[in-house]
Amino acid sequence: MSVRAYNHRLGESGVSFFASARLFKSLKGKFPACLDGAPLLVPGDGAAVRPRLDRWRDANKLRPRVVGEFDDSALMKAFGQRGAGVFIGPTVLESEIESQYGVKTLGRTEEIVEEFF
């Protein structure tokens with residue numbers, strides 16, 4: 001089968017960090033220091049944003065406890081909604097993520113960028 005397909009960059013967004021209300025209350029300090037030692041849900045190794053997140057954590061000397069790795073962002077958000085850990089999502093979708101999953105925003109950064117194609 002011969003298929004001609006093209007992808008086009010639609011835009012980019014920084015990322016926000018989200019937590020359930022219970023987890024949010026338990027985290028100490030200001031963002032991003034509050035992530036040190038916190039349970040963290042991360043995108044799988046195949047996700048384009050993963051190496052950017054890892055570099056950002058290292059640059060900020062943060063050592064969260066990675067408690068889950070997900071190839072499906074909706075599944076990651078569902079675990080985050082239940083309080084399993086902090087998770088990331090595009091800042092451009094911050095209000096939608098908060099309302100859909102009932103979570104709070106811990107903070108945001110433009111140093112980690114998600115691209116949309």
Side-chain angles (χ1 to χ4, degrees):
M1 177 191 281
S2 179
V3 176
R4 282 197 154 146
Y6 300 95
N7 63 11
H8 300 279
R9 189 170 178 277
L10 299 174
E12 67 181 32
S13 172
V15 299
S16 295
F17 288 75
F18 302 93
S20 67
R22 182 177 47 99
L23 180 55
F24 185 93
K25 288 179 188 175
S26 74
L27 299 175
K28 305 296 182 218
K30 293 187 178 191
F31 179 83
C34 64
L35 296 174
D36 203 40
L40 184 65
L41 308 173
V42 296
D45 285 333
V49 73
R50 176 65 183 274
R52 297 170 189 160
L53 173 61
D54 292 343
R55 282 192 303 272
W56 182 83
R57 286 186 340 213
D58 290 344
N60 286 281
K61 297 179 175 42
L62 299 171
R63 299 290 175 249
R65 292 179 295 112
V66 175
V67 295
E69 218 174 293
F70 298 83
D71 291 329
D72 181 327
S73 66
L75 187 58
M76 182 174 68
K77 290 175 183 121
F79 271 76
Q81 176 183 34
R82 304 289 276 176
V86 174
F87 64 94
I88 65 169
T91 299
V92 70
L93 298 176
E94 190 174 285
S95 61
E96 287 87 351
I97 293 170
E98 285 179 334
S99 64
Q100 182 175 352
Y101 293 94
V103 294
K104 294 183 168 211
T105 301
L106 287 170
R108 59 193 64 80
T109 182
E110 294 294 322
E111 294 174 42
I112 304 170
V113 175
E114 284 209 58
E115 297 176 297
F116 303 100
F117 292 87

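For clarity, every value in this text was computed on a predicted model and none was experimentally measured.
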In chain order, what residues pass the side chain to side chain donor-acceptor pair (under 3.5 Å) check against D54, with sequence neighbours excluded? R50, R57
Check the pair D72 / K77 against salt bridge (charged side-chain N to carboxylate O under 4.0 Å, His left out), numbers first and verdict last. CA-CA 9 Å; D72 181 327; K77 290 175 183 121; over 6 Å; no
Minimum heavy-atom distance S13-P90, with the two atoms named: OG-C, 3.8 Å
Which atom names give the shortest non-hydrogen contact between N60 and P32, and what distance separates them? OD1-CG, 4.3 Å
Kindly state each residue pair satisfying side chain to side chain donor-acceptor pair (under 3.5 Å) with at least one member in residues 1-12, sequence neighbours excluded. R9-E12, R9-E115
If two hydrophobic side chains count as joined below 4.5 Å and joins carry through other members, does V103 share a cluster with L75? yes
Taking every non-hydrogen atom, the tightest pair across A84 and P39: O-CB, 3.7 Å
I need the full list of side chain to side chain donor-acceptor pair (under 3.5 Å) pairs touching residues 20-43, with sequence neighbours left out, sorted by first then second residue. none
With a cutoff of under 4.5 Å between side-chain heavy atoms, which Ile, Leu, Val, Met, Phe, Trp and Tyr residues group with W56? V15, F17, L23, F24, L27, F31, L35, L40, V42, V49, L53, L62, V66, V86, I88, L106, I112
Residue pairs fulfilling ring pair (Phe, Tyr, Trp, His ring centres under 6.0 Å) with at least one residue in residues 72-95, sequence neighbours excluded: F18-F87, F70-F79
Not counting sequence neighbours, list each pair that qualifies as a salt bridge (charged side-chain N to carboxylate O under 4.0 Å, His left out) and has a residue in residues 82-105. E94-R108
For G107, is there any backbone N or O sitting under 3.5 Å from a side-chain donor or acceptor partner on T105? no
Side-chain donor-acceptor pair under 3.5 Å between S16 and T91, yes or no? yes
Looking only at heavy atoms, the pair that brings P51 and A48 closest together is CD-O, 3.4 Å
